[in-house]
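Read the structure below first, then the notes.
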Amino acid sequence: LSLKFGDVGNLKELVIRLLLTTSYYQLSVQNWFSLHSLQLLYNHSIQATFNATRIYAPASYSYHCEHVSSLQRYDALLIPSSSNDLSKLWEVTFTDFQIQGFNVQEGHFAYAKDCASFFSPAILMGLVMSLILLLVLAYTLHMLIHLKSLDRHYECKASPAYFAQVKDNDIGDEKEPLRSNANESYELRNQQFCKIYI
């Protein structure tokens, strides 16, 4: 697949040539295509060659990737073929790259196989956070299930509270003055206190 740009700046007849191959895999029971290499040509001569890695899809699909580049910050899917040619002098980056080598119908791309990994750092972080939240929820439910009810161990007893120099004179009043040695003190009757056992 050749992309011809004509004259671009000082480059005469710039051509980007994509070499595609197709293979049949018995495990998937279908043909797959892959981008084998990329060549840059101008002035009718090959100037740089890059080997492509991990750019493949089923033959009935297209391949899509946000960045296909020779730069490390974009995961370097294009690798210079050798250290002896001029490939290292070139930096190639395709943005919003989509390609389909075979079975193109009505000039439209088929369903795209994306290059995004199923386990990208963002997805892994989301899975870890979900696991932590599930553990906290499980611990909370465990504590709620094993929480002892206070009703079973709640016991009230009626008992009078006494103060110093208590005298028992009249039972009819809730509180009555007690006189002893010119000091006045009181006795509280029918005072309840409760014990809670946990």
Side-chain angles (χ1 to χ4, degrees), residues 1-138 140-141:
L1 177 64
S2 294
L3 305 176
K4 296 181 180 180
F5 293 94
D7 295 343
V8 180
N10 295 328
L11 306 178
K12 303 275 186 197
E13 296 184 4
L14 175 65
V15 177
I16 298 176
R17 182 182 295 167
L18 304 167
L19 302 177
L20 301 166
T21 61
T22 181
S23 302
Y24 179 78
Y25 293 97
Q26 293 182 351
L27 291 177
S28 60
V29 197
Q30 62 180 337
N31 288 318
W32 287 64
F33 79 89
S34 61
L35 178 60
H36 182 265
S37 63
L38 179 144
Q39 294 176 342
L40 297 176
L41 298 88
Y42 71 92
N43 297 335
H44 304 288
S45 62
I46 298 175
Q47 299 297 317
T49 302
F50 296 89
N51 293 327
T53 60
R54 294 177 285 142
I55 301 177
Y56 53 83
S60 58
Y61 286 40
S62 64
Y63 175 86
H64 176 265
C65 197
E66 188 65 29
H67 293 98
V68 172
S69 175
S70 61
L71 302 177
Q72 288 297 328
R73 68 172 177 263
Y74 295 128
D75 204 15
L77 296 176
L78 301 175
I79 300 171
S81 59
S82 67
S83 57
N84 297 328
D85 62 7
L86 300 176
S87 300
K88 289 195 171 182
L89 301 178
W90 289 78
E91 292 180 354
V92 179
T93 300
F94 294 98
T95 303
D96 197 18
F97 179 83
Q98 188 167 2
I99 190 171
Q100 183 176 350
F102 309 95
N103 302 323
V104 179
Q105 296 179 357
E106 299 179 0
H108 297 289
F109 285 116
Y111 179 80
K113 175 189 177 293
D114 204 276
C115 66
S117 173
F118 288 108
F119 292 103
S120 64
I123 293 175
L124 287 176
M125 182 61 69
L127 289 174
V128 169
M129 292 303 296
S130 299
L131 180 61
I132 291 173
L133 290 175
L134 283 175
L135 289 175
V136 170
L137 179 62
T140 305
L141 290 175

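The structure presented is a predicted model; accordingly, all values stated were derived computationally and were not measured.
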Q) Can Ile79 and Thr53 be said to form a side chain to side chain contact (heavy atoms under 4.5 Å, CB included), step by step? A) CA-CA 8 Å; Ile79 300 171; Thr53 60; 3.7 Å; yes
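- In this structure, Asn103 and Phe33 have side chains that are not in contact, with every pair of non-hydrogen atoms separated by 4.5 Å or more.
- Here Ile55 contributes atom CD1 and Leu77 contributes atom CG; the two are 5.0 Å apart, rounded to the nearest 0.5 Å.
- Between Leu133 and Leu135, the closest side-chain pair of non-hydrogen atoms is not below 4.5 Å.
- Considering only heavy atoms from C-beta on, Phe102 comes within 4.5 Å of Thr22 through its side chain.
- Note that OG of Ser62 is 9.5 Å distant from OH of Tyr111, once rounded to the nearest 0.5 Å.
- Between the OG atom in Ser60 and the CD atom in Gln100 there is a gap of 8.0 Å [rounded to 0.5 Å].
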Q: Starting from the C-alpha separation in whole Å, work towards a yes-or-no answer on side chain to side chain contact (heavy atoms under 4.5 Å, CB included) for Leu14 and Leu41.
A: CA-CA 6 Å; Leu14 175 65; Leu41 298 88; over 6 Å; no
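- Atom OH of Tyr24 sits in a crowded spot, with more than 12 heavy atoms from other residues, nucleotides or ligands closer than 6.0 Å.
- With rounding to the nearest 0.5 Å, the separation of CD1 in Ile132 from CG in Leu137 is 14.0 Å.
- Using a 30° and 60° split on the angle between ring planes, Tyr56 and Trp32 fall in the tilted class, from 30° to 60°.
- Within the 4.5 Å cutoff, the side chain of Trp90 has heavy atoms near those of the Leu40 side chain.
- The closest side-chain donor-acceptor pair between Gln47 and Ser45 falls under 3.5 angstrom.
- Listed for the Ser34 side chain is no donor-acceptor partner under 3.5 Å among the backbone atoms of His36.
- In this structure, OG1 in Thr93 is found 6.5 Å from CZ in Arg73, a value given to the nearest 0.5 Å.
- No side-chain N or O of Ser70 forms a donor-acceptor pair with one of Glu91 less than 3.5 Å apart.
- Residues Asp96 and His67 bring no donor and acceptor atom of their side chains to less than 3.5 Å of each other.
- Here the side chains of Met125 and Ile123 are not in contact, with every heavy-atom distance at 4.5 Å or above.
- Considering only heavy atoms from C-beta on, Ile16 comes within 4.5 Å of Leu38 through its side chain.
- Here the CD atom belonging to Gln98 is positioned 11.0 Å from the SG atom belonging to Cys115, to the nearest 0.5 angstrom.
- Side-chain contact, Ser81 with Thr49: no donor N or O sits under 3.5 Å from an acceptor N or O.
- With contacts defined as side-chain heavy-atom distances shorter than 4.5 Å, the pair Phe50/Pro80 qualifies.
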**Q.** Audit row: Leu18, Ile99, side chain to side chain contact (heavy atoms under 4.5 Å, CB included) steps and yes/no
**A.** CA-CA 10 Å; Leu18 304 167; Ile99 190 171; 3.6 Å; yes
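- In terms of heavy-atom proximity, His64 sits nearest to Glu66 at CE1-N, 4.3 Å.
- Residues His108 and Val104 come closest through the heavy atom pair O-CG1, 4.0 Å.
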